[in-house]
K.L.:
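One structure, pasted below without further comment.
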Amino acid sequence: MRVWIVFLLCLAGQAMAAPTEAEEVALDMAVEETIVDEPVEEDIAAEEPVVEDIAAEEPVMEEEEEVIIEEAKDIGANPVQVETGDEAFDEAIDIEEVATENPCLNHHCKKGKVCEVDDDNMPMCVCQDPTTCPAAVGEFEHVCSNDNKTFDSSCHFFATKCALEGTKKGHKLHLDYIGPCKYIAPCMETELKEFPLRMRDWLKNVLVTLYERDEDNNLLTEKQKLRVKKIYENEKRLQAGEHSLDLLALDFEKNYNMYIFPVHWQFGQLDQHPVDGYLTHSELSPLRAPLIPMEHCTTSFFEHCDADSDKYIALEEWAQCFGLKEQDVDKDLVI
């Protein structure tokens, strides 16, 4: 019985929702009469003033309001809610999609090369065109190569060197020092012997300065800070300043242990590409390039350190150059 009641109620609901055939016919006739009786031209004429009135009543938007609305539409806007005719927004989406799909974003190239995408959408490093390098702001950006040629910047130099890759000239071409090329006086034998005295003292003071400024362990590790702390707190430490060569030699003799870690630390700072226990010419460049204009014995010193003339400076050779004893050479101090 309940099934029949539900069935009858459904039929009644459909009857109330759907118009009868008579109602449909009457509705169709009314529509036809309206179309026949009312002329089309009058409709158009009647609609035109309405459009003009709407345009006249539309308020003029100030420039600031337009900017605010545009910004509001861009910030946090849902692409589905934004009109498809907004070309600026479409372009922004296209640019973002291209950027995220660009395989060069996380691809690293060495100096003188830039990343490009090949036909298979794979990243590859190609030589940079020197004309694409930013223009030098001043002479302090100039660099001098070992063939005594001044380049506008290091970018121009490395791009030029890359173009010569695989050639004899490119193999021999190196960045010599920072700044425009100038006359570098030859290093005398007596000056070469004095050079390590100043270098050792300079390295020690660099570490002490890093220790004083390091608050978040971004400059030195905890183990390094402990070693430098012993140097920093030692009452016998020679303070930074202009000292005679005799005083530097005497301090190295009396406070020899203070200089062991600074010499090892500098080797570790340079041995980075790759970390293999040897220093190449390019790895020495960050130390050599700024020093040469001030210390004319820099080049001779590093050439002298390469005792076996194999173009590589091992830790043992490096330590010997700075006057450390063989038994004090410790690879763990480098790490």
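Position 1 is the first residue of the sequence; numbering continues from there. Keep in mind that the numbers below use all heavy atoms, side chains included, and drop hydrogens, waters and symmetry copies.
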K.L.:
With distance as the sole criterion, is a donor-acceptor pair present between the side chains of Glu191 and His296 under 3.5 Å?
P.N.:
yes
K.L.:
Decide whether Asp214 and Asn218 meet the rule of one side-chain donor and one side-chain acceptor closer than 3.5 Å.
P.N.:
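Side-chain D/A pair, Asp214 to Asn218: absent.
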K.L.:
Would you call Asp328 and Lys325 a salt bridge, using N to O less than 4.0 angstrom?
P.N.:
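Salt bridge between Asp328 and Lys325, a charged N being under 4.0 Å from a carboxylate O: no.
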K.L.:
What are the two closest non-hydrogen atoms of Asp271 and Pro274, and how far apart are they?
P.N.:
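So the minimum-distance heavy-atom pair works out to OD1-O, 2.9 Å.
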K.L.:
Would you give the length of the straight line joining atom NE2 of His174 to atom CZ of Phe157, rounded to the nearest 0.5 angstrom?
P.N.:
8.0 Å
K.L.:
If you draw a 6.0 Å radius around CG in Asp118, do more than 12 non-hydrogen atoms from other residues or ligands fall strictly inside?
P.N.:
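Yes.
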K.L.:
Ignoring hydrogens and geometry, is there a side-chain-to-backbone donor-acceptor pair from Glu233 to Lys230 under 3.5 Å?
P.N.:
no
K.L.:
Can you confirm whether more than 12 heavy atoms, excluding those of Glu235, are under 6.0 Å from its CD atom?
P.N.:
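Atom CD in Glu235 is not crowded, with 12 or fewer foreign heavy atoms closer than 6.0 Å.
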K.L.:
Find the distance between CG (Leu333) and CZ (Arg227) and round it off to the nearest 0.5 Å.
P.N.:
5.0 Å
K.L.:
In Å and rounded to the nearest 0.5 Å, what is the CZ to SG distance from Phe158 to Cys133?
P.N.:
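Separation between the atoms: 11.0 Å.
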K.L.:
Does some side-chain heavy atom of Tyr183 sit less than 4.5 Å from a side-chain heavy atom of Asn148?
P.N.:
no
K.L.:
Do Gln266 and Met199 come within less than 4.5 Å of each other through their side chains, counting heavy atoms only?
P.N.:
no
K.L.:
Minimum heavy-atom separation for Leu175 to Ser154, with atom names?
P.N.:
CD1-CB, 4.4 Å
K.L.:
Kindly determine whether Gln128 and Thr132 satisfy side-chain hydrogen bond (donor to acceptor under 3.5 Å, both in side chains), including the steps that lead there.
P.N.:
CA-CA 7 Å; Gln128 182 178 2; Thr132 63; 3.3 Å; yes
K.L.:
Just wondering, do Ile313 and Leu284 contact through their side chains at under 4.5 Å, heavy atoms?
P.N.:
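Of all side-chain heavy-atom pairs linking Ile313 with Leu284, at least one is under 4.5 Å.
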K.L.:
Tell me if the centroids of the rings in Phe301 and Phe322 come within less than 6.0 Å of each other.
P.N.:
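Yes - the distance between ring centres of Phe301 and Phe322 falls below the 6.0 Å cut-off.
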K.L.:
Show the nearest heavy-atom pair for residues Leu197 and Ala249, with the distance to one decimal.
P.N.:
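Result for this residue pair: CD2-CA, 3.9 Å.
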K.L.:
What's the spacing between Leu219 CG and Arg213 CZ if we round to 0.5 Å?
P.N.:
9.0 Å
K.L.:
Is there a side-chain contact (heavy atoms from CB on, under 4.5 Å) between Val208 and Arg237 once you walk through the steps?
P.N.:
CA-CA 10 Å; Val208 169; Arg237 176 171 61 89; 3.9 Å; yes
K.L.:
Side chains of Asp251 and Tyr259 only: does a donor on one sit below 3.5 Å from an acceptor on the other?
P.N.:
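Per modelled atom types, Asp251 and Tyr259 side chains form a pair under 3.5 Å.
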K.L.:
Go through the steps to decide whether Leu315 and Val334 satisfy the test side-chain contact (heavy atoms from CB on, under 4.5 Å), and finish with yes or no.
P.N.:
CA-CA 9 Å; Leu315 176 59; Val334 174; 3.8 Å; yes
K.L.:
Kindly indicate whether the side chain of His107, heavy atoms from C-beta on, has any atom under 4.5 Å from the side chain of Cys109.
P.N.:
yes
K.L.:
Verify side-chain contact (heavy atoms from CB on, under 4.5 Å) between Met122 and Val117, making sure each step is shown before the conclusion.
P.N.:
CA-CA 5 Å; Met122 296 296 294; Val117 179; 5.9 Å; no
K.L.:
Any side-chain heavy-atom pair from Thr298 and Tyr177 closer than 4.5 angstrom?
P.N.:
no
K.L.:
Any side-chain donor paired with an acceptor under 3.5 Å for Glu303 and Thr299?
P.N.:
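Not at all, the side chains of Glu303 and Thr299 share no donor-acceptor pair under 3.5 Å.
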K.L.:
Under a 4.5 Å cut-off applied to non-hydrogen side-chain atoms, are Leu248 and Leu238 in contact?
P.N.:
yes
K.L.:
Can you check side-chain contact (heavy atoms from CB on, under 4.5 Å) on Asp276 and Tyr312, steps first, answer last?
P.N.:
CA-CA 11 Å; Asp276 56 0; Tyr312 296 95; 5.6 Å; no
K.L.:
Judged by atom type as modelled, is there a donor-acceptor pair below 3.5 Å linking the side chain of Gln224 to the main-chain atoms of Thr221?
P.N.:
yes
K.L.:
With respect to Glu317, which candidate in Leu279, Asp306, Val329 satisfies the side-chain contact (heavy atoms from CB on, under 4.5 Å) definition?
P.N.:
Asp306
K.L.:
In terms of heavy-atom contacts, does NE2 of His171 have more than 12 from other residues, nucleotides or ligands at under 6.0 Å?
P.N.:
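Not buried by this count: 12 neighbours or fewer within 6.0 Å.
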K.L.:
Surrounding CZ of Phe302 (heavy atoms of other residues, nucleotides or ligands, distance under 6.0 Å), is the total greater than 12?
P.N.:
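Yes, because the 6.0 Å sphere around CZ of Phe302 holds more than 12 heavy atoms from other groups.
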K.L.:
With heavy-atom distances below 4.5 Å as the criterion, would you say the side chains of Tyr256 and Glu253 are in contact?
P.N.:
no
K.L.:
For a quick test of reading the model, state the closest non-hydrogen atom pair linking Ser145 to Leu173 and the distance between them.
P.N.:
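It is CB-CD1, 3.8 Å.
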K.L.:
Does the cation-pi check pass for Arg200 over Phe252, that is, NZ or CZ under 6.0 Å from the six-membered ring centre and within 45° of its axis?
P.N.:
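Yes, a cation-pi geometry.
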K.L.:
Closer than 4.0 angstrom, basic N to acidic O: yes or no for Asp176 and Lys149?
P.N.:
no
K.L.:
Do Thr131 and Asp129 have a side chain donor and acceptor closer than 3.5 Å?
P.N.:
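Thr131 vs Asp129: donor-acceptor pair found between side chains.
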K.L.:
If I take atom NZ from residue Lys193 and atom SG from residue Cys187, how far apart are they, to the nearest 0.5 angstrom?
P.N.:
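The NZ atom of Lys193 sits 11.5 Å away from the SG atom of Cys187.
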K.L.:
Can a donor-acceptor pair be found, under 3.5 Å and without considering hydrogens, that links the side chain of Lys161 to the backbone of Gly112?
P.N.:
no
K.L.:
Just wondering, do Glu326 and Glu316 contact through their side chains at under 4.5 Å, heavy atoms?
P.N.:
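No, side chains not in contact.
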K.L.:
Main chain of His264, side chain of Trp318: is a donor-acceptor contact present, judged purely on distance under 3.5 Å?
P.N.:
no
K.L.:
Measure the CD-CD1 distance between Glu139 and Ile178 for me, rounded to the nearest 0.5 Å.
P.N.:
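Interatomic distance, Glu139 CD to Ile178 CD1, rounded to 0.5 Å: 14.0 Å.
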K.L.:
Do side-chain atoms of Ser153 reach the backbone of Glu141 as a donor and acceptor pair under 3.5 angstrom?
P.N.:
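Not at all, since once roles are kept as given, no pair shorter than 3.5 Å links the two residues.
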K.L.:
When you take the SG atom of each Cys, Cys125 and Cys115, is the space between them under 2.5 Å?
P.N.:
no
K.L.:
Less than 4.0 angstrom from a charged side-chain N to a carboxylate O is my criterion; do Lys110 and Glu165 meet it?
P.N.:
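A salt bridge is present here (some side-chain N lies under 4.0 Å from a carboxylate O).
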